**Student:** 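Here it is, the structure, as structure tokens.
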Amino acid sequence: MKINYYGYFTPFGGYGIANINWVTYLSRLGVEVYPHAKFISQPGTPEYNVLTNEQKEILATPFEKQKIGIIETTPFDFDIIDTEIKIANTMCESSEIGEDWVNPCNAMTAVCVPNEFQKEVFIRSGVRVPVHVIRHGTWTEMFPYYERPKRDVFTFGIVGYLNERKGIFDLIRAFVSEFDMDEPVRLYLKSSNKDFGFYSNFTDPRITTDIRHLKPEELRDLYYSFDCFVFPSRAEGVGQPPREAMSTGLPTIVTNYSGLEEIADPQWCYPLQPASFSRGVNPVREQTGDWANIDIQELMYWMRYVYEHQEEAKEIGRIGSQEINLHHSWPACAQEMVELLKEFI
């Protein structure tokens, strides 16, 4: 099986991380992958330095055009795919997409989305070509289960491209409202959005902001240093950080909406139920649907609950790790993609 894979290949954005993992794990399953990069990490840059040798080798493969191509970006870049069979692997961060999304999707042979929520959004919005659910994986090899010790200071943490959509300001408000200054807790904010560095000088000494580029091993160790992961995102295509956190056994509080619905199960995490919805303010045009609004009081409750029930939370985290490793690993998701590709050979 030979395919082209089109898109971004940089490890500091959702699509780029996904593309790098797709080509890596499809290659491991014996698929000959010839990447075509709209953007790619260049030698000597921080983005390039965090790649593994395996990833660097795959991304350096000379391009040869094949019959089947997969493109994973937003539809505004679908014009770069140039194969007979065109498969779009995409997602949105809202409950509705407009014509600027729908029309490029309908020019594809098929569309893949990462969960049932997305499938309903694309079909309801007018996508007429076949829409398949092919889940995005989690790098479980890099983020294995870790038994956290009892620590003197309890750390709540979040990782991601922190902005309004991620619910970061709700998290900050919940933390400072719920916990008194003399309680042994802290909040650690790891952002790949450099603009978030503006908030590095919080007057609350318990809040730490980190905008460094981290190697995968450093990110794993950061997850290990947390005692609870909090991700009150208002909408997600997939939501990779809480899956990575859960893979390590980290008790996780997460919004039960959009791409997070498939992991927001009280058996293995602490779901936040949307209190209301409002139109998203999305920089990617033509995502005109709803974002969830959470109840700050509910978030405060669950943060307090995890802090006061640490042994129970660790057991929830252990079960969450099993769920991610069994059903959301990259090998499992890449195999789903291989089965779909077989239909086009």
Side-chain angles (χ1 to χ4, degrees), residues 8-21 24 39-56 59 136 138-144 146 148-149 151-172 174-176 185-233 236-254 283 330:
Y8 305 87
F9 294 94
T10 56
F12 295 133
Y15 279 115
I17 293 171
N19 286 335
I20 290 169
N21 280 295
T24 300
F39 296 110
I40 193 167
S41 301
Q42 298 298 319
T45 65
E47 293 88 350
Y48 186 83
N49 292 337
V50 303
L51 297 175
T52 66
N53 290 333
E54 178 187 22
Q55 292 167 345
K56 292 174 183 176
L59 295 178
H136 278 51
T138 300
W139 198 1
T140 53
E141 302 156 63
M142 179 54 64
F143 304 108
Y146 172 64
R148 288 164 176 81
R151 294 185 260 236
D152 293 336
V153 177
F154 189 94
T155 301
F156 295 95
I158 184 173
V159 170
Y161 191 88
L162 302 186
N163 54 23
E164 180 186 359
R165 180 171 59 82
K166 299 295 183 181
I168 183 60
F169 301 111
D170 290 340
L171 171 56
I172 294 168
F175 176 80
V176 299
V185 295
R186 68 171 183 158
L187 176 61
Y188 199 100
L189 313 174
K190 171 65 187 79
S191 178
S192 55
N193 175 10
K194 292 183 179 180
D195 291 341
F196 195 76
F198 175 81
Y199 296 97
S200 60
N201 295 319
F202 281 106
T203 56
D204 191 323
R206 301 170 299 170
I207 301 176
T208 299
T209 300
D210 184 349
I211 58 170
R212 295 172 299 154
H213 289 308
L214 297 183
K215 295 180 180 180
E217 296 83 0
E218 294 173 323
L219 179 58
R220 176 201 62 207
D221 292 344
L222 183 63
Y223 285 132
Y224 286 177
S225 74
F226 294 164
D227 299 292
C228 179
F229 193 80
V230 191
F231 201 74
S233 179
E236 291 291 325
V238 175
Q240 201 58 51
R243 297 163 194 266
E244 294 170 349
M246 290 172 66
S247 181
T248 73
L250 185 57
T252 298
I253 300 169
V254 65
W330 271 113

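These figures come from a predicted structure and were not determined experimentally.
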**Student:** Which residues satisfy the side chain to side chain contact (heavy atoms under 4.5 Å, CB included) test with P149, sequence neighbours excluded?
**Tutor:** Y146, R151
**Student:** Within the 4.5 Å heavy-atom criterion, are L189 and I172 side-chain neighbours or not?
**Tutor:**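 Sidechains of I172 and L189: in contact.
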**Student:** Heavy atoms, side chains only, cut-off 4.5 Å: are Q42 and I40 in contact?
**Tutor:** yes
**Student:** Tell me whether R206 contacts the main-chain N or O of F175 through its side chain, where contact means a donor paired with an acceptor under 3.5 Å.
**Tutor:** no
**Student:** Could you list the residues that satisfy side chain to side chain donor-acceptor pair (under 3.5 Å) with R220, not counting sequence neighbours?
**Tutor:** none
**Student:** Please list, chain by chain and in numerical order, all residues satisfying side chain to side chain donor-acceptor pair (under 3.5 Å) with W330, sequence neighbours excluded.
**Tutor:**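 Listed in chain order: nothing, the list is empty.
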**Student:** So L219 and E244, side chain to side chain contact (heavy atoms under 4.5 Å, CB included) or not? Walk me through it.
**Tutor:** CA-CA 10 Å; L219 179 58; E244 294 170 349; 3.8 Å; yes
**Student:** Please list, chain by chain and in numerical order, all residues satisfying salt bridge (Lys or Arg N to Asp or Glu O under 4.0 Å) with D195, sequence neighbours excluded.
**Tutor:** none
**Student:** Partners of F169 by ring-ring contact (aromatic ring centres under 6.0 Å, His included), sequence neighbours excluded?
**Tutor:**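 Once residues adjacent in sequence are excluded, the partners of F169 under the ring-ring contact (aromatic ring centres under 6.0 Å, His included) criterion are Y199.
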**Student:** Answer whether the closest heavy-atom distance between the side chains of I158 and P232 falls below 4.5 Å.
**Tutor:**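 The answer is yes, as the side chains (C-beta and beyond) meet within the 4.5 Å cut-off.
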**Student:** Quick one: salt bridge (Lys or Arg N to Asp or Glu O under 4.0 Å) partners of D221, sequence neighbours excluded?
**Tutor:** none
**Student:** Holding to side chain to side chain contact (heavy atoms under 4.5 Å, CB included), I want the full list of residues that pass it with A174, two or more places apart in sequence or in another chain.
**Tutor:** I296, L299, M300, M303
**Student:** Could I get the full list of side chain to side chain donor-acceptor pair (under 3.5 Å) partners for E164, not counting sequence neighbours?
**Tutor:**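 Expected list: R234.
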**Student:** Tell me whether T24 contacts the main-chain N or O of I20 through its side chain, where contact means a donor paired with an acceptor under 3.5 Å.
**Tutor:** yes
**Student:** Are any non-hydrogen side-chain atoms of V50 and E218 less than 4.5 angstrom apart?
**Tutor:** no
**Student:** Could you give all pairs that pass the side-chain hydrogen bond (donor to acceptor under 3.5 Å, both in side chains) test and reach residues 10-21, with sequence neighbours left out?
**Tutor:**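 Counting only pairs at least two positions apart or across chains, the side-chain hydrogen bond (donor to acceptor under 3.5 Å, both in side chains) contacts touching residues 10-21 are Y15-T90.
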**Student:** Who passes side chain to side chain contact (heavy atoms under 4.5 Å, CB included) against K194, sequence neighbours left out?
**Tutor:** H213
**Student:** Using side-chain heavy atoms (C-beta onward) and a distance below 4.5 Å, is M246 in contact with T138?
**Tutor:** no
**Student:** Restricting to ring-ring contact (aromatic ring centres under 6.0 Å, His included), what partner residues turn up for F143, sequence neighbours left out?
**Tutor:**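 Partners of F143 by the ring-ring contact (aromatic ring centres under 6.0 Å, His included) criterion, ordered by chain and then number, come out as Y223.
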**Student:** T155: what forms a side chain to side chain contact (heavy atoms under 4.5 Å, CB included) with it, not counting sequence neighbours?
**Tutor:** R186, Y188, F226, D227
**Student:** Verify, without hydrogens or angle tests, whether K190 (side chain) and L162 (backbone) share a donor-acceptor contact under 3.5 angstrom.
**Tutor:**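 Side chain of K190 to backbone of L162: no pair is present.
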